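As the structure is a prediction and not an experimental result, all values here were calculated from the model. Proteins come first, then strands; the chains are lettered A, B, ... in the order of their sequence lines, and each starts at number 1.
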Number of protein chains: 2
Amino acid sequence: MTQLAIAQIFKALGDPVRLQIVQRLSNGAALCLGELSKDLGISRQGARKQIQALVSAKVVQLHPAGREVKVQLDAATLAQSRVFITALEAQWDERLQALKQFTEQ
Amino acid sequence: MTQLAIAQIFKALGDPVRLQIVQRLSNGAALCLGELSKDLGISRQGARKQIQALVSAKVVQLHPAGREVKVQLDAATLAQSRVFITALEAQWDERLQALKQFTEQ
DNA sequence: CAAACATGCAACTAAATGGTTGCATGTTTT
DNA sequence: AAAACATGCAACCATTTAGTTGCATGTTTG
């Protein structure tokens, strides 16, 4: 996992509309582009662009099926972002621990 | 935690330069603005803007001390982003579980 | 006090982003 | 075949973003 790829994942999640899309996908059944575009307050093509951003970051995958395109969450990508943050937190905790030991001597 | 606040956190983390800054802070000792700006490939003021983005998203806090300003990671904010992703993953897993039960009947 | 240092503020530019509209194309349904 | 549906593509616009430079200000240090 390159630094850049991780940044792209966070960037993709760093927008209220895209975050809402991701949440809908984790909640409900597999949705197609059209359904997913509803009630976002923007046009279908606007929504499509946001979904494409999620595709580029591999947060989501597209599966064409007849005249529609199903959108599916990529759990592995979500996991990568979580692992990254967890690693940061671990380093941070380690540092605090070291600092504590130092001041206690 | 509003959707928007979470999006702002992810947005702040969604850039290679800012991600590197955050990693340096989790690694090493408390750094001031000047030290933190080195070796990022951009000017001091450029770096300062990126750090400000992290401050706005509360990923990082500033502590003026004499003529310098110390930069400190805000572990609580990191935790919030992790919790959000973990919740997404939980919903997703639940859904898969329900789907599995359905198909097994 | 003067020099060196750490930072702040403002103006500016280039590029990316978020959104729109209009129209074309392939796929079901009747 | 015709209508309705789901989508794609491209051009366009406004705003935000990432970065720059130049200069001003407060704080240590010698």
Query raised in the report: Passes side-chain hydrogen bond (donor to acceptor under 3.5 Å, both in side chains), B/Q23 versus A/Q91? Steps please.
Result: CA-CA 9 Å; B/Q23 263 189 332; A/Q91 280 185 324; 5.5 Å; no
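The separation between B/K70 atom NZ and C/dT7 atom C1' is 14 Å, rounded to whole Å. Whole-Å rounding puts the B/D15 CG to C/dA15 P distance at 17 Å. Across the protein-nucleic acid pair, B/E68 atom CD and C/dG8 atom C1' stand 15 Å apart, rounded to whole Å. Atom-to-atom, CG of B/L40 to C1' of D/dA18 comes out at 13 Å; the value is rounded to the nearest Å. To the nearest angstrom, C1' of C/dT7 lies 13 Å from CD of B/E35. Rounded to a whole Å, the CZ atom of B/R67 is 14 Å from the P atom of C/dG8. Counting to the nearest Å, the P atom of C/dA11 and the CD atom of B/Q45 are 15 Å from each other. Rounded to an integer number of Å, the gap from CG of A/L33 to P of D/dC5 is 17 Å.
Interface remark: the B/R44 side chain does not form any donor-acceptor pair with the D/dG19 base, using a distance-only criterion of under 3.5 Å.
Taking the six-membered ring for Trp and thresholds of 30 and 60 degrees, B/F84 and B/F10 have ring planes more than 60 degrees apart, a perpendicular arrangement.
You'll find that the side chain of A/V69 is closest to D/dG8, out of D/dT20, C/dA4, D/dG8.
Distances shown here put a side-chain N or O of A/S43 below 4.0 Å from the OP1 or OP2 atom of C/dT20. Between B/K11 and D/dT16, a side-chain N or O to OP1/OP2 separation shorter than 4.0 Å is absent.
To the nearest 0.5 angstrom, B/K38 atom NZ is 12.0 Å from B/L33 atom CG. Between B/L13 atom CG and B/L78 atom CG the span is 6.5 Å, to the nearest 0.5 Å. Annotation: the span from B/R48 atom CZ to B/L36 atom CG amounts to 10.5 Å, rounded to 0.5 Å.
Of the possible donor and acceptor atoms, none in the side chain of A/S26 sits under 3.5 Å from a partner among the backbone N and O of B/W92.
Residues of residues 47-66 of chain B having a heavy atom closer than 4.0 Å to DNA chain D, listed by number: B/K49, B/Q50, B/G66.
Within 6.0 Å of the NZ atom in B/K70, the count of heavy atoms belonging to other residues, nucleotides or ligands exceeds 12.
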